[in-house]
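Written below as structure tokens is the structure these notes are about.
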Amino acid sequence: MTKKLFARSIVLVVLLASAAAAFAQAGAGAPPASPPANLDAAREACKAAMNADPTFEAYIVKIADEKAQQKRDQDTIDAHNDAYHHIQKNERHVIYAYAGMWVVAAAFVIFLWRRQQALKLEIAQLRRDLEAAAGDAKPAGRS
Amino acid sequence: MALLRHAARVAWKDLRIELRSREIVYTMAFFGGAVPGMLWVAIALAGTIGLGRAFDRERENDTMRALLLAPVPRLAVFLGKAIATTVLVLAVAVVCAPMLAWLLDAPLFAYPGPLVLVVVLGAVGIAVIGSVFAATLLKVRSRDVLLPVILYPLLVPLFVAGTSSTSAQVAEFPNLDAAWYWIEFLGIYDSAFLVLSVWVFESLVIE
Amino acid sequence: MKKLAVPLLAVLAAIGLAVSVYLVFYDAPLEYSRNAELQLNGSSLFFNQKIVYFHVGHAFWLFGAVFVSGLSSIAFLKTRNPRWDDIASASTDVAVAFGAVVLFTGSVWAKAAWDVWWKWEPRLTMSLLLWLILVGYVLVRRFAGPSADRIASGMAIFGMVVVPFVYVMVGEGNSHPQAAPGLNPSEGVVGKISPGMRPALWLSVASFLCWYVALLISRVQSTRAERELRELRERGFDLGVLS
């Protein structure tokens, strides 16, 4: 949309400029002695033609506004992306913390469990041995 | 009062041996070398070396038993050891502090009152906490490994407070509020542990 | 009843934890920094604040465990009844585990808030020291030989006394002016937390209490079993079964 407008305005400028140039050339006639004067006149004519058309100015302002809006939209998208990454990072930290908590708890429980099992086994073994020995030595072995 | 007299006697015994050998003082003064940090490193080393020496000597000759069996309260033995260690640490500080101030051109003595207080409180804390655990570990075989493991976590708050207070005094723009805050911290820390030590020493040290 | 205590407490803890996880993620509001400067820097905690609930839940009972162990050590030194010593040693073991969680979650929190895993700042340093005292206790128990129980009791009592210094005095002396309340890993959290967050926090604290007690009881049982084993061994030596 905006590209089209831009292209149109360029075409307009080129047309106006060439028309003015043609007009100036025709007016100046044969002696091409002073090109600066010609150029100045052309510029003046061009300006006057541009100012004479009220829609031209509006076009320029509209284009500028559209460009600014585009920039703002991009900024918003960037900000959203930023916040998204930020929250991603946050989640990662919370996950780390929770994982750490579970790992420590699991390690401690496993440690306790294994210890308890080992102790139980050893106690049972010793009891059996003791009972056997006590049975041999004296019948009234308390356990 | 009798307790203090006995404590003074134990302390004097240790200090006299020290004066004769001068070994600790030399070793400890050697470590005196940047300003608040260095001062406190010196104090820390003086404390641990002093403690080790005070109790190792008793163990080498197995005289701790004799000391504990002496007809004085155990508390006197503890206080004596703590006083002797405090005096040694302070001696090192007295040598180190002016040397540091002179060598490094630091305004260490800008506020003499807080400086003296902070060093004395630091020394007392090290000596008190150190004496309790050095005495209880005397008979333990892995003592050399366990003593630092037990002692350092308990002593580091003292060093943190001491260094914070000293650097607040020495800073380009001295912050006396901070200096006094940490002195207060040290005072409360010391008195809490002194009371606790006096209270538990007897039940901890059993021959 | 005695046999049921541990599973019962564990189940309670599990239910409490499940509900508090729900509250933490679906009920408690997201943390927005009340400090404009921090918001500009993008260092507001937002979702990270959810770490706090479980960090505090553990920290609470870390201190509880240290106090239990200190008090029962005092009772042990007074009465010489080894039952007290069992409780002290069990409580310290649990405290080491809770302390590990507190330090780890704290360190993740520091990473989220300050972008460093660790800072040598008085309060953090002191927390580490407290944990080192506990680890020292465990080491003493293992390696100090026959007088280990007394030395360890001494450490437990001293460790208990260190706690107030760590969390009251050091915190006051070192406030970070640029930090918003409740966002700084080195500041007190509980008093400054917004009302919507409180149910989740207190429920998590309560469930970790159940968890702590369950661990404590089973750890005490294992110490008792150890003592029984030692006695049996002695009898074995007496009878000549063992050599």
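Within every chain, numbering begins at 1; the chains are lettered A, B, ... in the order of the sequence lines, protein sequences first and strands thereafter. Both backbone and side-chain heavy atoms feed into the values below; hydrogens, waters and symmetry mates do not.
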Should the pair C:Phe25 and A:Tyr98 be assigned to parallel (<30°), tilted (30 to 60°) or perpendicular (>60°) ring geometry?
-> perpendicular
Are more than 12 heavy atoms, taken from residues, nucleotides or ligands other than [X], located less than 6.0 Å from that residue's [atom1] atom?
X: C:Arg224; atom1: CZ; result: yes
X: C:Tyr22; atom1: OH; result: no
X: C:Trp117; atom1: CH2; result: yes
X: C:Arg227; atom1: CZ; result: yes
X: A:Trp113; atom1: CH2; result: no

Starting from the C-alpha separation in whole Å, work towards a yes-or-no answer on side chain to side chain contact (heavy atoms under 4.5 Å, CB included) for C:Arg233 and A:Glu122.
-> CA-CA 10 Å; C:Arg233 274 212 186 111; A:Glu122 205 168 348; 2.4 Å; yes
Counting heavy-atom pairs under 4.5 Å to chain C, which of A:Val109, A:Ile123, A:Val104, A:Leu112 comes out on top?
-> A:Ile123
Quick one: list whatever passes ring-ring contact (aromatic ring centres under 6.0 Å, His included) with C:Phe143, sequence neighbours left out.
-> none
With a 4.5 Å heavy-atom cut-off (strictly below), which parts of residues 87-97 of chain C touch chain A? List them by number.
-> C:Asp93, C:Val94, C:Ala97
Any side-chain heavy atom of A:Arg127 sitting closer than 4.5 Å to one from C:Glu228?
-> yes
Who pairs with A:Gln69 by side chain to side chain donor-acceptor pair (under 3.5 Å), at least two apart in sequence or on another chain?
-> A:Arg72, A:Asp73
Test side chain to side chain donor-acceptor pair (under 3.5 Å) applied to A:Asn51 - qualifying residues, sequence neighbours left out = none
Measure distances from C:Leu103 to the heavy atoms of chain A and classify the residue's part below 4.5 Å as side chain, backbone, both or neither.
-> neither
If you measure from [atom1] on [X] to [atom2] on [Y], what distance do you get to the nearest 0.5 Å?
X: A:Tyr96; Y: C:Ser107; atom1: OH; atom2: OG; result: 11.5 Å
X: C:Leu229; Y: A:Leu121; atom1: CG; atom2: CG; result: 11.0 Å
X: C:Ser222; Y: A:Gln117; atom1: OG; atom2: CD; result: 11.0 Å

What's the shortest heavy-atom distance between A:Ala97 and C:Phe104, and which atoms?
-> CA-CE2, 4.2 Å
Picking from C:Ile51, C:Val108, C:Val101, what satisfies side chain to side chain contact (heavy atoms under 4.5 Å, CB included) with A:Met101?
-> C:Val101
